[in-house]
Amino acid sequence: MVPVALLDLAEEYNISPVYAAAVFVLETGWGSSLAWLNNHNPAGIRCGDRYCSYSTATDGLRRMFEVMRDYYSNGLTTVDQQRSLWSEAEDTEQIVQLMIQLAEGR
């Protein structure tokens with residue numbers, strides 16, 4: 001389940017909602033990860049040597065969008081460029097496939 005706030009924040013930050021939803025889905029396992037459920041951390045966002053904890057789901061999502069906006073502002077405009085900084089795993093293709101599925105409503 002992708003939070004409705006994600007769509008509002010995508011519009012506010014002018015970031016593709018399909019891309020943001022795909023990142024959320026991959027990083028949280030469709031909203032089932034403990035980091036998301038317990039700490040409202042949608043993407044393994046780190047605070048120093050630990051994972052960040054946010055008061056609300058919207059706060060966590062807002063931080064995810066701030067990171068994405070920072071990447072865009074620094075010229076990282078493709079999925080591959082952003083994932084190279086965002087994730088230690090080679091998951092660009094997974095994000096692209098999720099984007100296709102989400103765009104098609106699957």
statement: Output for pair (C52 SG, R46 CZ), nearest 0.5 Å, gives 8.5 Å

query: Is a side-chain donor or acceptor of T28 paired with a backbone partner of F24 at a separation under 3.5 angstrom?
result: yes

- request: First locate atom OG of S55, then atom CG of N39, and finally report the distance between them rounded to the nearest 0.5 Å.
  value: 10.5 Å

query: Can you find a heavy atom in the side chain of I15 that is under 4.5 Å from one in the side chain of Y72?
result: yes

- request: Provide the closest heavy-atom pair for M99 versus V18 in the form atom of the first, atom of the second, distance.
  value: O-CG1, 3.3 Å

message: If you compare all heavy atoms of L9 against all heavy atoms of L61, which two are closest, and at what distance to 0.1 Å?
response: CD1-CB, 3.6 Å

message: Grouping I, L, V, M, F, W and Y whenever their side-chain heavy atoms are under 4.5 Å apart, do L26 and Y51 come out in a common cluster?
response: no

task: Following the transitive rule for hydrophobic clusters with a side-chain heavy-atom cut-off under 4.5 Å over Ile, Leu, Val, Met, Phe, Trp and Tyr, establish whether W30 and L34 coincide in one cluster.
output: no

query: Can you check whether I100 reaches E104 side chain to side chain, under 4.5 Å on heavy atoms?
result: yes

query: Which pair of non-hydrogen atoms, one from R63 and one from Y54, has the smallest distance, and what is that distance?
result: CG-OH, 3.0 Å

- request: Can you see which heavy atom on L37 is nearest to which on G31, and at what distance?
  value: CD2-O, 3.4 Å

- prompt: With a 3.5 Å cut-off and no angle check, do the side chains of Q97 and Q101 form a donor-acceptor pair?
  reply: no

field: Heavy-atom side-chain contact between Q82 and I95 under 4.5 Å
entry: no

query: Above 12 or not: heavy atoms from other molecules or residues under 6.0 Å from CG of N38?
result: yes

- prompt: Got a salt bridge between R69 and E66, using NZ or NE/NH1/NH2 to carboxylate O under 4.0 Å?
  reply: no

message: Ignoring hydrogens, what is the shortest heavy-atom contact between Y19 and S16? Give both atom names and the distance.
response: N-OG, 3.1 Å

Nearest non-hydrogen partners of F65 and A10, listed with the distance: CE2-CA, 3.4 Å

